[in-house]
K.L.:
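Sharing a structure with you now.
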Amino acid sequence: MQQEISLREIFFAIRKKWKWIVLGGVLGAFLAFALSAYVLPKRYTASLDMYVNNNREDTETGNRNQNDLNASQMLVDTYTVILENDAVLSQVAADLGHITLDELKQALRFGPVGATEVLRISAETEDPQLSADICNAVAARAPEVLQRVVKAGSVEVVAPATASSEPASPHVKRNTVFGALIFLALSVIAVVLRFALDTTVKGETDVKQRLDLPVLGEIPSFSQYGIKEGTRRVQP
């Protein structure tokens with residue numbers, strides 16, 4: 001006969017093991033904290049912004065129109081493609097002197113800042129000063145390379161990159177919370193599975209539900225200290 005498990009039974013099974021579930025959450029938080037704080041390597045991010053100008057303005061008013069702004073925004077994408085070229089990055093790696101081309105490509109990120117004329121260069125490594133040096137080395141090479149290839153427009157560095165004192169990853173607090181939640185969920189699942197797979201008969205009610213047979217009598221459990229009747233113990 002197939003046994004049906006109600007949500008009420010599952011709730012009481014979980015409530016009965018709430019201490020183990022909480023312990024699982026605490027263990028998960030501790031493991032995630034230890035892993036994030038002491039095992040995973042810390043990575044530092046540095047970035048700088050370069051303003052892209054297409055060098056066109058209204059000769060009468062000295063103002064730039066919307067077409068000029070759109071052209072500058074398009075130049076941001078063009079400059080990104082050029083600066084990501086292996087030949088350009090090889091020159092940057094040579095300028096730095098202590099990083100390979102593959103390491104440089106893995107560390108660097110280029111991209112526009114929203115729908116603006118600003119190109120952001122970011123680098124993430126395990127050394128905060130190296131991350132800043134990479135950004136500044138790219139910015140130093142950029143004007144010469146872009147002028148030679150595009151022959152139009154210009155870039156101006158808003159501010160040089162500086163070494164960060166705080167790591168960008170791993171996120172210790174966030175990982176600790178995620179670890180606690182994951183282990184809490186696993187603990188609940190383990191309790192529910194154990195309850196669902198438990199086929200032992202615990203009393204008259206279980207006999208009726210599992211076997212659909214009438215109960216004629218119940219034999220008490222004898223122990224060294226007396227007779228145990230359900231949850232009640234009678235001393236001799």
K.L.:
Could you tell me the separation between the OG atom of S122 and the CD1 atom of I134, rounded to the nearest 0.5 Å?
P.N.:
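Those atoms lie 11.0 Å apart.
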K.L.:
Could you check whether any side-chain heavy atom of I82 comes within less than 4.5 Å of a side-chain heavy atom of V145, counting everything from C-beta outward?
P.N.:
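Yes - at least one pair of side-chain heavy atoms lies under 4.5 Å apart.
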K.L.:
Checking side chain to side chain contact (heavy atoms under 4.5 Å, CB included) against L48, which of V158, V138, T162, N136 comes through?
P.N.:
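Result: among V158, V138, T162, N136, N136 is the only option passing the side chain to side chain contact (heavy atoms under 4.5 Å, CB included) with L48.
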K.L.:
Can L146 be reached from V88 by stepping across I, L, V, M, F, W or Y side chains whose heavy atoms are under 4.5 Å apart?
P.N.:
yes
K.L.:
Kindly work out whether a path of hydrophobic side-chain contacts (I/L/V/M/F/W/Y, heavy atoms less than 4.5 Å apart) joins L89 to V150.
P.N.:
yes
K.L.:
Taking atom types as modelled, find out whether Q129 and D133 have a side-chain donor-acceptor pair closer than 3.5 angstrom.
P.N.:
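The answer is yes; a qualifying pair exists.
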K.L.:
Between S169 and H171 (side chain of the first, backbone of the second, donor and acceptor by atom type, cut-off under 3.5 Å), is there such a pair?
P.N.:
no
K.L.:
Kindly give the heavy-atom pair with the smallest separation between W18 and R15, and that separation in Å.
P.N.:
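Distance-wise, the nearest heavy atoms are CD1-O, 2.9 Å.
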K.L.:
Indicate, with yes or no, if V92 and F110 share a hydrophobic cluster defined by side-chain heavy-atom contacts under 4.5 Å among Ile, Leu, Val, Met, Phe, Trp and Tyr.
P.N.:
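Shared cluster, yes.
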K.L.:
Taking the side chain as every heavy atom from C-beta outward, state whether V155 and L119 have any atom pair closer than 4.5 Å.
P.N.:
no
K.L.:
With a 4.5 Å heavy-atom cut-off, do L83 and M50 have their side chains touching?
P.N.:
yes
K.L.:
Are the side chains of T116 and Y51 in touch, meaning some heavy atoms are under 4.5 Å apart?
P.N.:
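SC-SC contact between T116 and Y51 ruled out.
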K.L.:
Examine L101 and L130 and state if one hydrophobic cluster contains both, with Ile, Leu, Val, Met, Phe, Trp and Tyr joined whenever side-chain heavy atoms are less than 4.5 Å apart.
P.N.:
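As far as the 4.5 Å side-chain criterion goes, L130 and L101 are connected within one cluster.
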K.L.:
Would you check if the side chain of S131 reaches a backbone N or O of D127 as a donor-acceptor pair within less than 3.5 Å?
P.N.:
yes
K.L.:
Would you name the heavy atoms of P170 and P41 that are closest together and state the gap between them?
P.N.:
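Minimum heavy-atom separation between P170 and P41: CD-O, 3.5 Å.
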K.L.:
Any chance you could measure F33, atom CZ, to Y38, atom OH, to the nearest 0.5 Å?
P.N.:
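Result: 4.5 Å between the selected atoms.
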K.L.:
Please tell me if the side chains of F183 and L31 come closer than 4.5 Å, counting only heavy atoms from C-beta onward.
P.N.:
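Side-chain contact under 4.5 Å: yes.
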K.L.:
Rounded to the nearest 0.5 Å, what separates atom NZ in K16 from atom CZ in F12?
P.N.:
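Nearest 0.5 Å value for the NZ-CZ distance: 12.0 Å.
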K.L.:
Measure the spacing between CG of L184 and CG of L23 and express it to the nearest 0.5 Å.
P.N.:
10.0 Å
K.L.:
Counting only N and O atoms by type, is there a donor-acceptor contact under 3.5 Å from the side chain of N175 to the main-chain atoms of A32?
P.N.:
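The answer is no, because no donor-acceptor pair under 3.5 Å joins these two groups.
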K.L.:
Are any non-hydrogen side-chain atoms of E84 and T80 less than 4.5 angstrom apart?
P.N.:
yes
K.L.:
Return the minimal non-hydrogen interatomic distance between A140 and P143, and the atom names on each side.
P.N.:
O-CD, 3.7 Å
K.L.:
Between E103 and T125, is there a side-chain heavy-atom distance shorter than 4.5 Å?
P.N.:
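Result no, sub-4.5 Å side-chain heavy-atom pair not found.
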K.L.:
Grouping I, L, V, M, F, W and Y whenever their side-chain heavy atoms are under 4.5 Å apart, do V172 and L27 come out in a common cluster?
P.N.:
no
K.L.:
What's the spacing between D86 CG and K105 NZ if we round to 0.5 Å?
P.N.:
4.0 Å
K.L.:
V192 and I14: which non-hydrogen atoms are nearest, and at how many Å?
P.N.:
CG2-CD1, 3.9 Å
K.L.:
Could you tell me whether E156 atom CD has more than 12 heavy atoms of other residues or ligands within 6.0 Å of it?
P.N.:
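Count not over threshold, so no.
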K.L.:
Hey, are the side chains of I182 and L186 touching, using non-hydrogen atoms and a 4.5 Å cut-off?
P.N.:
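They are in contact (side-chain heavy atoms under 4.5 Å apart), so the answer is yes.
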K.L.:
Identify the two heavy atoms, one from A163 and one from A132, that lie closest to each other, and give their separation to 0.1 Å.
P.N.:
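Nearest pair, atom of A163 first, then A132: N-CB, 3.7 Å.
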K.L.:
Locate the shortest heavy-atom distance separating E124 from R43; write the atom from each residue and the value.
P.N.:
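Heavy atoms only, the tightest pair is O-NH2, 2.9 Å.
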K.L.:
What distance do S36 atom OG and R174 atom CZ have between them, rounded to the nearest 0.5 Å?
P.N.:
9.5 Å
